[in-house]
Amino acid sequence: MKLAPLWVKLSAAAFVICAASPVFAEKAGIGWQEGIAAKSGKAKTMAELAKMYDSSSCIDCHQDTHNDWNKSIHARSIFGTSRTAATFKTAVINGLMEWPYSGVKKPEDVKVEHLMGCAKCHLPQLADAEDSVAKEIIATIDNWQDALKKKDNAKATAEADKLKGLNINCLICHNRNAITHKWTDGYPQAGVVYGSKDGDHPSDAFPKMKTSPIMSESIQCGQCHGLGPNMELDNPTQCCTSYGSYLWAYTAEGGSETCQDCHMKKSKLGHNMQSYRDPGMAKAAVEFKAEARAFHWRDGATIKPKAVVKVEMVNHAGHSIPDG
Amino acid sequence: MPVPQQLGRGDRMGRGPYEKSGIIEDTGLPPGKEVRERFDIFFPTEEVEDENGKWVTKPTASELDLEVKLWYLPFGTMNADPFLWDEFKQTVRISTTGK
């Protein structure tokens, strides 16, 4: 008889959890419910996810910034130079499907959690989507590769454009990922663009401006530019490590410039953040000097003339190059 | 480039970001440190008989065209997107008199 009340309690508790089961897992901190994703609920399709963080309204007033950003690879962050999309697929075929405990036997088994090992940086907003979106991304990469094989250019372009439609846009840097320390500074709120000041912002969908304490700090970029193995994942991945190199090989040795100083300001590229493919960046990166001379070297009685070439190089970037 | 370790274990390099964890070595240029390279290049020589009938080693040329190229290999080989960062060209000479 003593057991009965306990059972009732347990099932009541279980019921409460089910009934209140939010689209998003409860977070411990305060104010996360006011974020874009928590308000709109999880995206079910790639189109819905693109809409959730739709930055097209920003173009009207920030045309130059948009044009600059559009030239950067952030505007194609899961397509990349096409190698990125292809490698997402390889990660499924040669990674997930080969590992016995991943739960992926065929591409259709892929869930958001499986892709977060890449999307963490290439498309952080995938965390605000349902598994159907992860499957749709992989299917779209499939369709794109199929169309390329069949030389169906129109279809290949359409599928590639669909992949390019999901990217790291204004709202990722100026809203979703604008605050790293959310218990200290608060969770990013819907309707706010985060930058360097507080006040009114003349946009209907985003009527407020707020200061993000990290917008001019290296950690803003560091969120996605890699430290080493991503240990928070059940199966750690590792891609770019420029933030790790920046911390341990640059600032630790006395370097004092931020990513923004070099990539946005000194480069004068602003939102068109670039690597060596931009001639100015290539020039800024490496100092290269060489000198040579020749003489008659003597090995005992044998004359062996030789040339000696001495090369000196200094990398003036804020991290090791190449990155990898 | 940083040579990543495969799945954080052993002596194999990992290739795809899904299997990379750890770094075995970094062959790239570290920031802010001078990196020096020195190359010793011998002139081509041949064995010739001198006027006294003795076999001696003689250079076949007194000039050498040198070219140093700094290649950036984002994927570690010349097969994938090599980028020529800088180059240096000079012709060096050795004297043809004296012994």
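Proteins get letters first, then strands, A, B, ... in listed order; numbering begins at 1 in each. Keep in mind it's a predicted model, so treat the numbers as computed, not measured.
- Ring planes of B:F83 and A:Y276: tilted class, angle from 30 to 60°.
- Using a 4.5 Å cut-off between heavy atoms, B:Q90 touches chain A through its side chain atoms alone.
- Most heavy-atom pairs under 4.5 Å with chain B, from the set A:A317, A:G228, A:C239, A:A292: that is A:A292.
- Salt bridge status for A:R176 with A:D128: present, with a side-chain N to carboxylate O gap under 4.0 Å.
- When heavy atoms are compared at a cutoff of 4.5 Å, A:E253 approaches chain B solely by way of its side chain, counted from C-beta outward.
- Side-chain atoms of A:Y246 and A:S218 form a donor-acceptor pair, as typed in the model, at a separation below 3.5 Å.
- Of the atoms belonging to A:T90, heavy atoms from both backbone and side chain fall under 4.5 Å from chain B.
- Highest contact tally toward chain A, considering only B:K33, B:E19, B:Q5, is held by B:K33 [criterion: heavy-atom pairs under 4.5 Å].
- The side-chain heavy atoms of B:D81 and A:T81, taken from C-beta on, include no pair separated by under 4.5 Å.
- Contacts of A:A307 with chain B are made by both backbone and side-chain atoms, with heavy-atom separations under 4.5 Å.
- Top candidate by heavy-atom pairs under 4.5 Å with chain B, chosen from A:N230, A:V311, A:T87, is A:V311.
- The contact between A:N94 and chain B is made by backbone and side chain atoms together, counting heavy-atom distances below 4.5 Å.
- Each of B:V35, B:L70, B:D26 has some count of heavy-atom pairs under 4.5 Å with chain A, and the biggest count is that of B:V35.
- Put simply, of B:G8, B:G98, B:G22, B:G14, the one with the most heavy-atom pairs under 4.5 Å next to chain A is B:G22.
- Contacts of A:F295 with chain B are made by backbone atoms alone, with heavy-atom separations under 4.5 Å and no side-chain atom involved.
- Using a cut-off of 4.0 Å between Lys/Arg side-chain N and Asp/Glu carboxylate O, B:E63 and B:R93 are scored as salt-bridged.
- Donor-acceptor pairing under 3.5 Å is recorded for the side chains of A:K89 and A:Q145.
- Among the candidates A:R277, A:K306, A:R298, the residue making the largest number of heavy-atom pairs closer than 4.5 Å to chain B is A:K306.
- A:E287 and A:H316 share a donor-acceptor pair across their side chains, judged by distance under 3.5 Å alone.
- Ranked by heavy-atom pairs under 4.5 Å with chain B, the list A:I321, A:D323, A:T237 is led by A:I321.
- There is a side-chain donor-acceptor pair under 3.5 Å between B:T57 and B:E47.
- Only the side chain of B:L66 comes within contact range of chain A, with heavy atoms under 4.5 Å apart.
- Of the atoms belonging to B:S95, heavy atoms from both backbone and side chain fall under 4.5 Å from chain A.
- Interface remark: B:I41 contributes backbone and side-chain atoms alike to the contact with chain A (heavy atom separation under 4.5 Å).
- Under a 4.0 Å N-O distance rule, the pair B:R38/B:D40 qualifies as a salt bridge.
- Using a 4.5 Å cut-off between heavy atoms, B:F42 contacts chain A through both its backbone and its side chain.
- Using modelled atom types, one finds a donor on one side chain and an acceptor on the other under 3.5 Å when comparing A:D261 with A:T258.
- Taking a cutoff of 4.0 Å between a charged side-chain nitrogen and a carboxylate oxygen, A:E291 and A:K310 do not qualify as a salt bridge.
- For chain A, the option among B:P4, B:S62, B:G28, B:P44 with the highest count of heavy-atom pairs below 4.5 Å is B:G28.
- Checked by atom type, the side-chain pair B:T91/B:D65 shows a donor-acceptor distance below 3.5 Å.
- For B:E87, the part sitting under 4.5 Å from any heavy atom of chain A is the backbone (N, CA, C, O) and nothing else.
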